[in-house]
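Since the structure comes first, as structure tokens, the remarks are kept for the end.
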Amino acid sequence: MKTKTLGWSREEMASLVAADIPDGAYVNLGIGIPELVTQFVRPGSEVIFQTENGLLGMGPSPCAGLEDAELVNAGKKAVTAIPGACYFHHADSFAMIRGGHIDICVLGAMQVSAEGDLANWSTGEPDAIPAVGGAMDLVAGVKNIFVVTEHTTKTGEPKIVSKCTYPLTAKAVVDRIYTNLATIEVTSRGLVVTQLAPGVSFDYVQDKTGAVLIPGPQVAAGGES
Amino acid sequence: MKTKTLGWSREEMASLVAADIPDGAYVNLGIGIPELVTQFVRPGSEVIFQTENGLLGMGPSPCAGLEDAELVNAGKKAVTAIPGACYFHHADSFAMIRGGHIDICVLGAMQVSAEGDLANWSTGEPDAIPAVGGAMDLVAGVKNIFVVTEHTTKTGEPKIVSKCTYPLTAKAVVDRIYTNLATIEVTSRGLVVTQLAPGVSFDYVQDKTGAVLIPGPQVAAGGES
Amino acid sequence: MIDKRVASLASAVADIRDGASIMIGGFGEAGSPIELIHALIDQGARSLTVISNNTGSGRVGLAALIANGQVAKMICSYPRSVNSMVFPELYRAGKIALELVPQGTLAERIRAGGAGIPAFFTATGVGTVLAEGKELRRFAERDYLMELGLRADFALIKAEAADRYGNLVFNKTARNFAPIMCMAAQTTIVQVKKIVTAGSIDPEIVVTPGIFVNRVIVVAKPAQESQLVKEERCYP
Amino acid sequence: MIDKRVASLASAVADIRDGASIMIGGFGEAGSPIELIHALIDQGARSLTVISNNTGSGRVGLAALIANGQVAKMICSYPRSVNSMVFPELYRAGKIALELVPQGTLAERIRAGGAGIPAFFTATGVGTVLAEGKELRRFAERDYLMELGLRADFALIKAEAADRYGNLVFNKTARNFAPIMCMAAQTTIVQVKKIVTAGSIDPEIVVTPGIFVNRVIVVAKPAQESQLVKEERCYP
């Protein structure tokens with residue numbers, strides 16, 4: 001697959017997300033590429049990570065052998081707590097989320113629509129075990145929703161589409177999309193490409209996308225790059 | 001006023017209430033006679049007092065000079081906390097109350113009706129400053145509502161009436177009434193007198209009451225005592 | 001670096017504008033942020049809606065704010081107390097509005113506001129005059145009223161200690177409405193007796209996570225309202 | 001004297017009857033009361049409705065309870081995990097029912113149940129398949145779903161320490177659903193690593209007030225679920 005090597009790496013995508021997180025922001029990170037964001041917090045800025053299972057001030061993974069089965073993140077992986085962290089119960093944690101107190105949620109996607117609809121919890125296949133976790137609460141409650149994802153599926157199908165075919169997580173919630181090919185803003189005008197990965201043309205990205213894209217002011221339309 | 005000297009004293013009324021509180025009960029006490037209940041907890045039994053401003057395990061008043069302006073009861077009087085007490089915020093405190101976790105609430109009344117309606121927050125006079133506090137929450141949420149009150153007003157008007165004329169605190173919530181003249185159970189059959197104060201006859205109590213009373217099995221009907 | 005400490009009481013309340021809604025912590029004097037309220041009197045914002053359990057006593061703190069004509073409306077459960085004369089006078093004169101809310105409903109409405117819950121049902125108040133105008137609904141054979149979540153532009157709060165992140169701990173029954181008001185206000189301003197270094201409050205015992213706090217100002221020795229009332233003090 | 005300590009795991013769960021609803025604390029293995037669950041397997045009650053965020057892993061703890069055929073229905077947010085095979089198999093075979101609830105809605109429904117709130121509104125799930133059959137209502141130009149409070153007959157909980165009153169403190173993210181489940185169950189049964197004397201937990205740091213707890217049993221060294229799964233242990 002060309003898309004595996006073309007464009008930004010997972011780390012570069014995480015670093016692009018991190019560059020857009022303001023100093024002092026409270027951020028919830030999903031599983032996968034979003035987890036890498038912690039490594040790219042801009043020097044001189046401080047970001048507080050929340051994990052919905054009851055910790056504000058999540059720190060990096062512990063050193064091997066120092067894991068605590070009772071200190072984990074939402075993906076049930078061992079984490080640490082920074083000085084100044086605090087623990088709370090699930091209702092308080094989701095009060096924080098639902099009440100709009102978290103600034104940014106960074107999460108993966110199976111599909112994102114041109115209107116910012118998100119599908120990231122179920123393929124809808126008849127024998128799939130339905131499991132939603134906190135995804136619906138996060139995207140309904142957090143102020144800014146950043147999706148970070150490969151631009152297409154492993155088989156090359158577009159994940160950015162005019163209309164989601166998978167069951168929705170929520171309607172009209174995604175604000176920005178970071179893929180290996182481009183960064184895209186979800187606006188009332190439509191999907192605006194704000195940045196292209198090196199060596200990637202607007203037309204190429206459009207070709208890999210199931211919805212109409214609009215070139216932003218910094219992006220040259222057409223096939224050159 | 002005869003009623004001032006006839007029948008039980010305030011302390012005796014509080015002690016009758018205390019005798020009906022089971023060992024291990026969680027109890028919220030209103031202002032006035034209910035506050036005296038703490039002094040009459042039966043020997044060998046342990047009762048936990050809640051105060052709705054955020055303390056479970058309220059202890060007796062502090063010694064003079066040891067008052068803490070930040071450790072008060074719902075009447076804003078200085079109290080203490082027993083070993084094993086805990087503090088919590090107002091939403092948690094009323095979750096405890098509204099959720100039915102408190103066993104007994106003992107409170108005063110302006111009027112109680114034959115159906116157990118309670119009026120204890122407002123005279124309804126046009127120039128009265130309306131102030132309800134936690135009364136409506138307590139009577140709606142606590143499992144058993146014990147009213148303790150003088151049988152009549154200072155001017156001799158009945159407080160136990162067929163229908164309350166003052167604005168209600170809640171409908172059909174009172175379980176028992178303890179007055180200086182009698183103890184009364186609010187039942188589906190009506191108001192059943194379960195005990196008469198020494199020297200007080202059933203007919204005398206009925207005469208001072210604005211609703212029909214029924215003599216209980218231990219109570220002789222009529223004018224003797 | 002996140003640092004929510006501000007330099008002065010005046011700067012802490014500087015941006016409170018006319019017409020703002022303000023939650024003020026406290027149950028009587030316990031937890032009442034008297035120095036922040038006095039700073040708001042100095043600042044002068046008017047036509048305020050104040051959400052607080054009581055209406056203050058004497059002529060200091062919340063009672064002084066009301067006496068100074070800055071409050072257009074009170075949302076509270078108990079606007080009366082032994083030494084509370086200011087509110088009753090203005091209320092009888094028709095100079096201040098009152099929304100009376102049962103104490104537990106007030107607490108839950110504030111918690112709901114902070115938790116992103118626009119409305120909930122409670123049995124409190126059913127069959128009373130406070131049910132007027134409210135939707136009644138039956139669940140499992142019992143009647144309940146629908147009550148709305150409550151938010152505010154600002155919260156003025158008193159706590160025991162904070163760190164630079166705004167994590168808070170409280171003292172005894174001074175906790176009362178503070179944690180839920182911190183959640184329900186757009187901008188939460190907290191006076192604390194002391195600031196401690198980040199990490200010195202055990203993460204297990206933080207009562208209010210810093211995410212709910214915007215500004216922290218140290219008032220090392222706060223005045224005691226009942227003492228000021230006893231001395232017949234008057235602010236300003 | 002109030003003393004909520006019980007003598008054995010068996011007596012702690014003895015009265016759980018067939019058909020009971022049971023809240024089980026934990027987020028994955030963190031906070032999962034594995035010894036209480038095993039005692040329930042020994043006890044044998046069937047046709048249970050279990051409310052828990054996950055469905056366990058391997059063949060121990062909650063997964064073993066399900067594998068043993070004791071659970072008729074799960075109410076949870078995420079019935080899948082790396083080592084979770086028991087629930088998926090039974091679910092595909094139509095041998096266990098599932099009510100899928102978003103995690104924050106599950107938490108709030110449990111809190112509402114414990115707080116005497118029969119229903120509330122949340123924006124979570126609007127426009128999704130999980131909104132089907134739920135009342136949709138608009139507040140301030142946004143759509144919300146009505147969700148019902150959730151209660152249970154029993155709660156099985158793991159905590160760090162308790163006193164004889166049942167006051168609880170927890171360890172780190174093992175706290176998760178425990179405090180709200182303690183509130184929402186008719187009978188709350190808690191396994192703790194240790195019992196401390198009444199008064200030795202600072203009243204400021206109690207997380208769950210004893211009023212929400214009925215029975216406390218000491219399990220000084222609880223098993224670690226992931227370790228048992230790694231060893232391919234199977235209960236009973």
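Owing to the predicted nature of the structure, the values given are computational and were not obtained by experimental measurement. Chain identifiers are assigned alphabetically (A, B, ...) following the order of the sequence lines, protein sequences preceding nucleic acid strands; residue numbering begins at 1 within each chain.
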query = So with a 6.0 Å cut-off around CD of C:E231, is the heavy-atom count from everything else above 12?
reply = yes

ask   = More than 12 foreign heavy atoms under 6.0 Å from CD of B:E11: is that the case here?
value = yes

query = Does C:T124 offer a backbone N or O that forms a donor-acceptor pair with the side chain of B:R98 under 3.5 Å?
reply = no

key: C:T173 side chain to B:V72 backbone, donor-acceptor under 3.5 Å   = yes

message = If you define the side chain from C-beta out and look only at heavy atoms, does anything of B:N53 sit under 4.5 Å from C:N53?
response = no

inquiry  = With a 3.5 Å distance limit and no angle check, can you tell me whether B:D137 reaches the backbone of C:T105 through a side-chain donor-acceptor pair?
reply    = yes

request  = May I ask you to name which of B:A85, B:G133, B:A140, B:A119 has the most heavy-atom pairs under 4.5 Å with chain C?
outcome  = B:G133

inquiry  = Looking at every non-hydrogen atom in both residues, tell me the closest pair between C:G127 and B:K171 and how far apart they are.
reply    = CA-CD, 4.0 Å

key: C:K158 NZ to B:E70 CD distance, which is reported to the nearest 0.5 Å   = 4.0 Å

ask   = Picking from C:R142, C:E225, C:Q227, which has the most non-hydrogen pairs under 4.5 angstrom with chain B?
value = C:R142

ask   = What part of B:Y87 is in contact with chain C, defined as an atom under 4.5 angstrom from a non-hydrogen atom: side chain, backbone, both or neither?
value = both

ask   = Which answer fits B:L71, side chain, backbone, both or neither, if we ask what part of it has an atom under 4.5 Å from a heavy atom of chain C?
value = both

task = Taking all heavy atoms of C:R92 and all of B:D127, pick out the closest pair and write down the distance.
result = NE-O, 2.8 Å

ask   = Of the non-hydrogen atoms in C:Q224 and B:A69, which two are nearest, and what is the gap between them?
value = NE2-CB, 3.4 Å

request  = Select, from C:P79, C:A30, C:G28, C:A123, the one with the greatest count of heavy-atom pairs under 4.5 Å involving chain B.
outcome  = C:P79

remark   = The interface call for C:V101 against chain B, heavy-atom contacts under 4.5 Å, is backbone

key: Region of B:N73 that comes under 4.5 Å of a non-hydrogen atom in chain C   = backbone

task = State yes or no: are the ring centers of B:H90 and C:F27 separated by less than 6.0 Å?
result = yes

query = Shortest non-hydrogen contact from B:M136 to C:G125?
reply = SD-CA, 3.9 Å

ask   = Hey, is CZ on C:R59 packed in by over 12 heavy atoms from elsewhere, all under 6.0 Å?
value = no

query = What pair of heavy atoms forms the shortest contact from C:L100 to B:W121, and how long is it?
reply = CD2-CZ3, 3.5 Å

task = Would you mind reporting whether B:F94 and C:Q103 have side-chain heavy atoms less than 4.5 Å apart?
result = yes

query = Is it true that atom CZ of C:R233 has more than 12 heavy atoms of other residues, nucleotides or ligands lying nearer than 6.0 Å?
reply = no

message = Show, in sequence, the C-alpha distance, side-chain angles and deciding distance for B:V132 and C:T128, and conclude whether the side chain to side chain contact (heavy atoms under 4.5 Å, CB included) test is met.
response = CA-CA 11 Å; B:V132 65; C:T128 75; over 6 Å; no

task = Can you tell which part of C:I110 gets under 4.5 Å to a heavy atom of chain B, answering side chain, backbone, both or neither?
result = neither

Toward chain B, the part of C:F87 with a non-hydrogen atom under 4.5 Å = side chain

request  = Pick one of side chain, backbone, both or neither for C:E89, based on which atoms fall under 4.5 Å of a heavy atom in chain B.
outcome  = neither

query = For chain C, which of B:P130, B:P167, B:G134, B:A91 has the most heavy-atom pairs under 4.5 Å?
reply = B:P130

task = Can you tell which part of C:F177 gets under 4.5 Å to a heavy atom of chain B, answering side chain, backbone, both or neither?
result = both

message = For the NZ atom on C:K95, are there more than 12 heavy atoms of other groups (residues, nucleotides or ligands in this structure) within a distance under 6.0 Å?
response = no

remark   = Bottom line for B:T169: the part with an atom under 4.5 Å from chain C's heavy atoms is backbone

remark   = Here the gap from B:K76 atom NZ to C:N83 atom CG, rounded to the nearest 0.5 Å, amounts to 11.5 Å

Note, C:K172 side chain near B:L55 side chain (heavy atom, < 4.5 Å) = no

